[in-house]
Amino acid sequence: DIHHSQILFKFDQGEKSLDKAKEIVEKLGVNIVDIKIFDFPKDSALFALFKLDVTDMREVVLALSGQGYTPIKGYNATLTS
């Protein structure tokens, strides 16, 4: 995607909730375009994929990881040929 970066991170139902993650992103002035949730019941793990309206996700990854949202992976917007 050439216009949107994405971040994939683990969250939980407690202190590192999905709602808190959304608040962190929105406080940075970044809009979440789409959210996909991945549930791995066998591992009791919840992951979210945020599609963002920015091309560079570094600031968002730093903010979320600083609040304990790990593991986390970020993908900048890229031109594909």
Donor-acceptor contact present, side-chain Ser5 to main-chain Leu52, <3.5 Å =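 Judged by distance alone, no pair lies under 3.5 Å.
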>> Quick one: does any side-chain atom of Asp53 pair with a main-chain N or O of Asn31 as donor and acceptor, under 3.5 Å?
In response: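 Yes; judged by distance alone, with no hydrogens or angles, the pair exists.
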Please tell me whether [X] and [Y] are part of a single hydrophobic cluster in this structure, the criterion being side-chain heavy atoms less than 4.5 Å apart.
| X | Y | result |
| --- | --- | --- |
| Ile24 | Ile32 | yes |
| Phe40 | Ile37 | no |
| Phe50 | Leu62 | no |

Distance check, rounded to the nearest 0.5 Å: [X] atom [atom1] versus [Y] atom [atom2]?
| X | Y | atom1 | atom2 | answer |
| --- | --- | --- | --- | --- |
| Gln6 | Leu49 | CD | CG | 4.5 Å |
| Phe9 | Leu18 | CZ | CG | 5.5 Å |
| Leu64 | Phe11 | CG | CZ | 12.0 Å |
| His4 | Asn76 | NE2 | CG | 13.5 Å |
| Lys51 | Lys36 | NZ | NZ | 6.5 Å |

*asked:* Pair Leu28, Val54 - check side chain to side chain contact (heavy atoms under 4.5 Å, CB included), show working.
replied: CA-CA 11 Å; Leu28 295 172; Val54 293; over 6 Å; no
Can you tell if the side chain of Ile7 reaches within under 4.5 Å of the side chain of Tyr69, non-hydrogen atoms only?
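Not touching, per the 4.5 Å side-chain cut-off.
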Val33 versus His3: any side-chain heavy-atom pair under 4.5 Å?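 No. Closest side-chain heavy atoms not under 4.5 Å.
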**OP:** Apply side chain to side chain contact (heavy atoms under 4.5 Å, CB included) to Val30 and Met57, showing your working.
**Re:** CA-CA 9 Å; Val30 175; Met57 54 64 218; over 6 Å; no
